[in-house]
Amino acid sequence: MRFLLDDERMEKAMGVLLRFGVVLASTAVLAGLAFYLQDHGRQPVEFHDFKAYSFGLRHRELFTGSPRGNAAAIIESGILLLIATPVARVVFAVAAFALERDRLYTAISIAVLAVLVYSLLHAK
């Protein structure tokens, strides 16, 4: 049985996946920005003493805050979606190469996925 995804279709599907992920992430970040500006847009800004700003959200707050309209949670969810997009592309590649029974590229894709997951989980 021949697999339905030839190389050209697989490339197109991966391209669609990447575009969809970037558009979804960008939309989430822009929506979060709109909520943030709605709440804090009229506050004075001081530029002479720049400090890195952290929303300080925990994982649970990230997932529960987004549906409630928490701007910080929506923005951070968008950033996570942007980071997850290339990871999803590698997962797709693993599945596609496995279905094609291409062992070499399946193994390479799994190795890349392992490095990505390790890096994401152990980043400081």
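Just so it is clear, the structure is predicted and the values come from calculations on it, not from any experiment.
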Linked hydrophobic residues, Phe20 as query - side chain contacts closer than 4.5 Å: Leu24, Leu81
In short, Leu120 meets Ile83 closest at the heavy-atom pair CD2-CG2, 3.7 Å
Enter the distance from Ile74:CD1 to Phe35:CZ here, rounded to the nearest 0.5 Å. 5.0 Å
So, using side-chain hydrogen bond (donor to acceptor under 3.5 Å, both in side chains) as the criterion, who are the partners of Thr85 when residues are at least two apart? none
Output all residues satisfying side chain to side chain contact (heavy atoms under 4.5 Å, CB included) with Val115, sequence neighbours left out; order by chain, then residue number. Ser119
In chain order, what residues pass the side chain to side chain contact (heavy atoms under 4.5 Å, CB included) check against Glu8, with sequence neighbours excluded? Asp6, Lys12
Under 4.5 Å between side-chain heavy atoms, counting indirect links through other Ile/Leu/Val/Met/Phe/Trp/Tyr residues: same cluster for Phe92 and Val16 or not? no
Cluster question for you: counting only ILVMFWY and a side-chain heavy-atom cut-off of under 4.5 Å, with indirect links fine, are Tyr118 and Val90 together? no
Measure across Val94 and Thr106 and return the closest heavy-atom pair with its distance rounded to 0.1 Å. O-CG2, 4.3 Å
Listed by chain and number, what are the side chain to side chain contact (heavy atoms under 4.5 Å, CB included) partners of Leu37, not counting sequence neighbours? Leu33
Could you list the residues that satisfy side-chain hydrogen bond (donor to acceptor under 3.5 Å, both in side chains) with His122, not counting sequence neighbours? none
Test of understanding: with side chain to side chain contact (heavy atoms under 4.5 Å, CB included), list the residues that count as partners of Ala93, not counting sequence neighbours. Met14, Arg89, Phe97, Ser109
Please report the shortest heavy-atom distance between Ala28 and Gly78, naming the atom on each side. CB-CA, 3.7 Å
Is there a path of hydrophobic side-chain contacts, each under 4.5 Å between heavy atoms of I/L/V/M/F/W/Y residues, joining Val23 to Leu80? no
Connected-component partners of Leu82 among ILVMFWY, side-chain separation under 4.5 Å: Val22
Would a hydrophobic clustering, with Ile, Leu, Val, Met, Phe, Trp and Tyr connected at side-chain separations under 4.5 Å, put Leu18 with Val87? no
What is the distance from atom CE of Met10 to atom CG of Leu17, rounded to the nearest 0.5 Å? 12.5 Å
CG (Asp102) and CD1 (Ile108) are apart, to the nearest 0.5 Å, by 8.5 Å
State the CG-OH distance between Leu30 and Tyr36, to the nearest 0.5 angstrom. 15.5 Å
